[in-house]
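Just the heavy atoms: all of them, side chains too, but no hydrogens, waters or symmetry mates, feed the values below. Below, chain A is the first sequence line, B the second, and so on; all start at residue 1.
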Number of protein chains: 2
Amino acid sequence: MIQNREEVPGIPEPLHCETVESVKGQMPGNDFCSSLADFFKILGDMTRVRILLALSFSEMCVLDIAFLLGMTQSAISHQLRVLRHARLVKARKAGKSIFYSLDDEHVENIVEEGFEHLRHGGTRGAAG
Amino acid sequence: MIQNREEVPGIPEPLHCETVESVKGQMPGNDFCSSLADFFKILGDMTRVRILLALSFSEMCVLDIAFLLGMTQSAISHQLRVLRHARLVKARKAGKSIFYSLDDEHVENIVEEGFEHLRHGGTRGAAG
DNA sequence: TGAACATATGAACAATCATTCATATAACGT
DNA sequence: ACGTTATATGAATGATTGTTCATATGTTCA
């Protein structure tokens, strides 16, 4: 026997069924939502943001980025792997060095949008 | 005595000083980068993305969102607090219920950009 | 005022993740 | 071939974080 009131333990019943049904019909699938979140998750790290911003000004090799950000070559390389795997940056081999640059124009647009959001007094991280 | 080659232990010397100097001059401050990363970090969670997507279709109260996403009222409330504190959603009181809705048009634009990025075969989370 | 309902919140736990350290791969100069 | 340089990577670790559980706040109705 299952309870009367709760269909699923812990999960509440809806208050406004029409709204819920309507939204449920318009909601994208979980796969899409997951991909979207994973994409933003990559931008949700200060080091990666700084790498992307740097590359928006000029292509750079790993050691230069590491020096610019005052971080270890290993740390930068790990993050570049994440960015490369996400197709946000691309690599160009030149001798011993490997030059990275932005792979997607959308990246700059998105950063631009985030910038606009901050400008309009959205999320304030440092200055509370 | 300090080493000759390495100014800072662990941090490498730049290979292309001109590039580094140029980019360093254009780079935003760390505060800005940190705020930007914090902003994207908020979008980097599937639950929060689904909440924002749902609210882009209609304002909803907490229990409705919880039911829609098949999650606990507590979990949703916690995430709504994050979104509210980041000024991404706003709350409207109506009796016992509290209706949430998007607070910023940029949110939709940003989600749109992320969507475009995925469309162009950027980050593929589920469908590899 | 008391019961029922809607939401918020604090502490705890599990899972995720960025960095470090050590080491591997790869390319260049000699 | 050897040493040097540039980058990549695997394992370990410390920090962050999303969810759960229990409970608190606040609203409505009787």
Side-chain angles (χ1 to χ4, degrees), chain A residues 4-6 8-16 19-20 33-34 37-38 40-51 59-67 69-86 89-100 125, chain B residues 4-6 8-16 19-20 33-34 37-38 40-51 59-67 69-86 89-100 125:
Chain A
N4 259 350
R5 200 52 204 286
E6 291 191 62
V8 180
I11 310 301
E13 290 294 292
L15 288 183
H16 313 83
T19 302
V20 172
C33 296
S34 181
D38 286 344
F40 286 122
K41 201 173 297 181
I42 292 174
L43 299 177
D45 178 77
M46 188 184 172
T47 299
R48 288 193 290 266
V49 163
R50 294 210 293 164
I51 291 176
E59 70 170 9
M60 282 200 269
C61 70
V62 181
L63 284 182
D64 286 343
I65 300 174
F67 175 78
L69 304 187
M71 297 180 67
T72 300
Q73 173 270 327
S74 179
I76 300 300
S77 190
H78 274 292
Q79 299 296 10
L80 281 172
R81 186 163 64 94
V82 174
L83 294 172
R84 181 161 28 95
H85 193 260
V89 304
K90 60 188 172 192
R92 178 178 72 85
K93 232 176 182 176
K96 279 182 291 186
S97 295
I98 296 182
F99 288 90
Y100 283 89
Chain B
N4 258 350
R5 200 53 204 285
E6 289 193 62
V8 181
I11 310 300
E13 289 295 290
L15 289 182
H16 313 82
T19 303
V20 171
C33 296
S34 180
D38 285 344
F40 286 123
K41 201 173 295 181
I42 291 174
L43 298 176
D45 178 77
M46 187 185 173
T47 299
R48 288 193 290 265
V49 163
R50 295 209 293 164
I51 291 177
E59 68 168 13
M60 282 201 269
C61 70
V62 181
L63 284 182
D64 285 344
I65 299 174
F67 175 78
L69 304 187
M71 295 180 68
T72 299
Q73 173 269 327
S74 179
I76 300 300
S77 190
H78 275 293
Q79 300 295 11
L80 281 174
R81 187 163 64 94
V82 175
L83 294 172
R84 181 160 30 92
H85 193 261
V89 304
K90 60 188 172 192
R92 178 178 71 84
K93 233 174 180 177
K96 279 181 292 186
S97 295
I98 295 183
F99 288 91
Y100 282 89

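- At a cut-off of 3.5 angstrom, the base of C:dA6 holds no donor-acceptor pair with the side chain of B:Q73.
- Remark: B:K96 is not in phosphate contact with C:dT7, judged by side-chain N or O atoms under 4.0 Å from OP1 or OP2.
- Checking D:dA8, C:dT7, D:dT27 against the side-chain heavy atoms of A:V62 singles out D:dA8 as nearest.
- Between the B:D64 side chain and the A:L15 main chain, a donor and an acceptor come within less than 3.5 Å of each other.
- When each of A:L15 and A:A94 is assigned the nucleotide of DNA chain C bearing its nearest heavy atom, the one mapping closer to the 5' terminus is A:L15.
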Could you go over nucleotides 15-20 of chain C and give all protein N or O partners under 3.5 Å, atom names and distances?
residue: C:dA18; atom: OP1; partner: A:R48; partner atom: NH1; Å: 3.1
residue: C:dA18; atom: OP1; partner: A:R48; partner atom: NH2; Å: 2.6
residue: C:dA18; atom: OP2; partner: A:R48; partner atom: NH1; Å: 3.4
residue: C:dT19; atom: OP1; partner: A:T47; partner atom: OG1; Å: 2.6
residue: C:dT19; atom: OP2; partner: A:Q79; partner atom: NE2; Å: 2.5
residue: C:dT20; atom: OP2; partner: A:T72; partner atom: OG1; Å: 3.3
residue: C:dT20; atom: O4; partner: A:H78; partner atom: NE2; Å: 3.2

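- A:S77 comes within contact range of at least one nucleobase, with a heavy-atom separation under 4.0 Å.
- Smallest separation of non-hydrogen atoms from A:Q79 and A:I51: CB-CD1, 3.9 Å.
- Atom CD in A:E13 sits roughly 16 Å away from atom C1' in C:dA4 (whole-Å rounding).
- Taking every heavy atom of both residues into account, A:H16 and B:S97 meet most closely at CE1-OG, 4.4 Å.
- In terms of heavy-atom proximity, B:F99 sits nearest to B:C61 at CD2-N, 3.7 Å.
- Here the P atom of nucleotide C:dA6 and the CD1 atom of B:I65 are 14 Å apart, to the nearest Å.
- When the C1' atom of C:dA6 is taken as reference, atom CZ of B:R81 falls 17 Å away, rounded to whole Å.
- Nearest nucleotide to the B:L63 side chain, out of D:dT7, C:dA6, D:dA8: C:dA6.
- Atom-to-atom, CD1 of A:I11 to P of C:dA6 comes out at 15 Å; the value is rounded to the nearest Å.
- In this entry the distance linking CG of B:D64 with P of C:dC5 reads 16 Å, nearest Å.
- Of all the heavy atoms in B:V49 and B:L43, the pair that sits closest is CG2-O, 3.1 Å.
- Using a 30° and 60° split on the angle between ring planes, B:F40 and A:F40 fall in the parallel class, below 30°.
- For the pair A:L80 CG and D:dT9 C1', the interatomic distance rounds to 13 Å; values are reported in whole Å.
- Listed here is the closest heavy atom pair of B:F67 and A:P12: CD1-O, 3.2 Å.
- Atom CZ of B:F40 and atom C1' of D:dT16 are 20 Å apart (whole Å).
- Among the protein residues, A:Y100 comes within range of the sugar-phosphate backbone only, with heavy atoms under 4.0 Å from sugar or phosphate atoms but none that close to a base.
- Distance, B:I98 CD1 to D:dG26 P: 11 Å, rounded to whole Å.
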